[in-house]
Every structure is written in C-alpha cells, then in structure tokens.
Amino acid sequence: MLEFQPGARAYLMEIRALSTDGDHNEVFVGMTVKESVWYQNYLEESFNGKTDRSDGSQEKYLALHDRHEEARQAAIAAESHSQKPAN
C-alpha cells in the first residue's frame, strides 16, 4: 500500500502520477502494485541517505522511473486530446 504525507497524494494526482490498477489498488502510473511499493520505498530511503546503490537497485529505480514518466506523459497527452473541441 502506498503512503503519502498530507497533500502529496493530491499533488501526485494533479500531475497524473497516480492511478488505480484493475484490482482498485493505488499505483504509480505504468507500474504494478509491487513495483509501486518498491519505488516509493526506494525514494524514501534515497532521500534519507539509506540507499545501497551497489546492489543493482539504482538501475531498477531508473528503469521504473523511465517507464513511469512515459506512461504519465502518455496519460497527460491522452487527456489533452480528449479535451480538444471537435472542428
């Protein structure tokens, strides 16, 4: 389960970073529940200076981050196209 500080969930929803999967679990866009939890934990550990970057986790983070950003940008683009008035 993803946990956020007050206001963080609203911000992440605003920038289209969060979604729900087919089982109604909150996830980072483009990720599974398991990946989302790992990603959030990695970020928290990284911000707290507790991340071991020698075990391959940094590469996993970067791959997830790239996939997340691609999916987030695609969601924003799709939303933008659906809001354009018909000619």
Side-chain angles (χ1 to χ4, degrees):
M1 178 177 171
L2 300 178
E3 297 179 17
F4 300 102
Q5 293 293 320
R9 180 174 278 103
Y11 169 74
L12 291 168
M13 293 297 288
E14 173 105 9
I15 66 167
R16 306 303 183 259
L18 296 177
S19 185
T20 53
D21 67 9
D23 294 324
H24 307 287
N25 296 304
E26 188 171 56
V27 295
F28 285 101
V29 173
M31 295 185 206
T32 65
V33 172
K34 184 176 178 180
E35 290 168 338
S36 294
V37 170
W38 184 93
Y39 185 81
Q40 185 178 40
N41 289 338
Y42 180 88
L43 286 173
E44 185 176 327
E45 289 173 5
S46 182
F47 289 137
N48 291 326
K50 299 177 182 177
T51 304
D52 179 4
R53 294 181 180 1
S54 66
D55 65 356
S57 60
Q58 185 171 5
E59 290 78 11
K60 179 177 179 177
Y61 162 76
L62 291 171
L64 286 173
H65 180 75
D66 287 348
R67 191 169 79 207
H68 168 64
E69 271 304 303
E70 284 182 27
R72 192 178 76 80
Q73 292 297 325
I76 291 169
E79 186 177 292
S80 174
H81 289 298
S82 70
Q83 293 177 357
K84 288 185 178 180
N87 289 346

Rounded to the nearest 0.5 Å, what's the gap from [atom1] on [X] to [atom2] on [Y]? Could you check?
| X | Y | atom1 | atom2 | value |
| --- | --- | --- | --- | --- |
| Leu2 | Gln40 | CG | CD | 5.0 Å |
| Lys50 | Asn41 | NZ | CG | 11.5 Å |
| Arg72 | Leu12 | CZ | CG | 9.5 Å |
| His65 | Tyr39 | NE2 | OH | 5.0 Å |

Checklist line | Those residues that, when tested against Arg67, pass side-chain contact (heavy atoms from CB on, under 4.5 Å) (two or more places apart) | finding: Met31, Glu35, Leu64
Closest heavy-atom contact between [X] and [Y]?
| X | Y | answer |
| --- | --- | --- |
| Ser57 | Thr51 | OG-CG2, 4.3 Å |
| Arg16 | Ile76 | CG-CG1, 3.8 Å |
| Leu18 | Met13 | CB-SD, 3.5 Å |
| Gly30 | Ala71 | CA-CB, 3.7 Å |
| Gln58 | Tyr42 | CA-OH, 3.5 Å |
| Thr32 | Val27 | C-CG1, 3.9 Å |

Main-chain N/O of [Y] paired with [X] side-chain donor or acceptor, under 3.5 Å:
| X | Y | result |
| --- | --- | --- |
| Asn48 | Glu44 | yes |
| His68 | Val29 | yes |
| Asp21 | Asp23 | yes |

Notebook entry, point to check: If Ile, Leu, Val, Met, Phe, Trp and Tyr residues are connected whenever their side-chain heavy atoms lie under 4.5 Å apart, and connections chain through other members, are Leu43 and Met1 in the same group?
Noted result: no
